[in-house]
Amino acid sequence: MIQSLHDRVCGFLRFRIERAPPRRGPKPAIGAYVVCGELRMTIQAGVSDDLWEWLMGQGWRELRYAPDRRHYLVVPAPCVTKLIDAPEEQRPIALSVALSHASFRPIIGDPNALPSYVVRH
């Protein structure tokens, strides 16, 4: 009962506690989504175990909960391919270029989604 009251007061005051990142896990299957903050990318064929370990070190984790209603900036597939093909010493540059190309993609059927002609800044 006390925890419920505490949660309501914190919610009313908009007091939020930052959650810890999920634990490290095995390399996701091809087609799985991985997220880091507000960014999302799709795992493609060719992601090595070494690249996955490096991405986990950067904070990327597999998106494991299905009814996720969050809105993400999506990293384009060609940029992910360039990240996969980049040599190990060029990965930070390839990742930063990929993240700079990330764009907002509205969820189909979402009444809060922006129309395609509205540009977010």
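All values reported here derive from a predicted model rather than from experimental measurement.
Annotation: side chain of Leu51 is in contact with side chain of Ile84 (closest heavy-atom distance under 4.5 Å). Between Cys36 and Tyr72, the closest side-chain pair of non-hydrogen atoms is not below 4.5 Å. Tyr33 places none of its side-chain heavy atoms less than 4.5 Å from the side chain of Met41.
For Lys27 (side chain) and Ser48 (main-chain N/O), no donor-acceptor pair under 3.5 Å exists by modelled atom type. At distances below 3.5 Å, not a single donor-acceptor pair connects side-chain atoms of Trp60 with backbone N or O atoms of Trp52. In this structure, the side chain of Gln44 does not engage the main chain of Gly31 through any donor-acceptor pair within 3.5 Å. Proximity of a side-chain donor or acceptor of Arg40 to a complementary backbone N or O of Leu73 within less than 3.5 Å is not detected.
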Margin query: What verdict does the side chain to side chain contact (heavy atoms under 4.5 Å, CB included) test give for Lys82 and Val97, after you've listed the backbone C-alpha separation in whole Å, the side-chain angles of each residue and the deciding distance to 0.1 Å?
Written below: CA-CA 9 Å; Lys82 289 179 184 176; Val97 169; over 6 Å; no
Next item on the list: Let me see the working for Asp50 and Arg91 under salt bridge (Lys or Arg N to Asp or Glu O under 4.0 Å), right down to the final yes or no.
Entry: CA-CA 11 Å; Asp50 183 46; Arg91 284 180 185 162; 3.2 Å; yes
Next item on the list: Test side chain to side chain contact (heavy atoms under 4.5 Å, CB included) on Leu63 and Val34 and set out the steps.
Entry: CA-CA 5 Å; Leu63 183 62; Val34 292; over 6 Å; no
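Across Pro28 and Ile43, no two heavy atoms sit closer than the pair CG-CG1, 3.9 Å. Considering every non-hydrogen atom in both Arg24 and Glu53, the closest pair reads NH1-OE1, 3.3 Å. Summarising the geometry of Leu39 relative to Ala102, their closest heavy-atom pair is CD2-CB, 3.9 Å, with the distance given to 0.1 Å. Here the closest non-hydrogen pair linking Ser96 and Ile93 is OG-O, 2.8 Å.
Put simply, Phe104 and Val75 are part of the same group of oily side chains (I, L, V, M, F, W, Y) that touch within less than 4.5 Å, one to the next.
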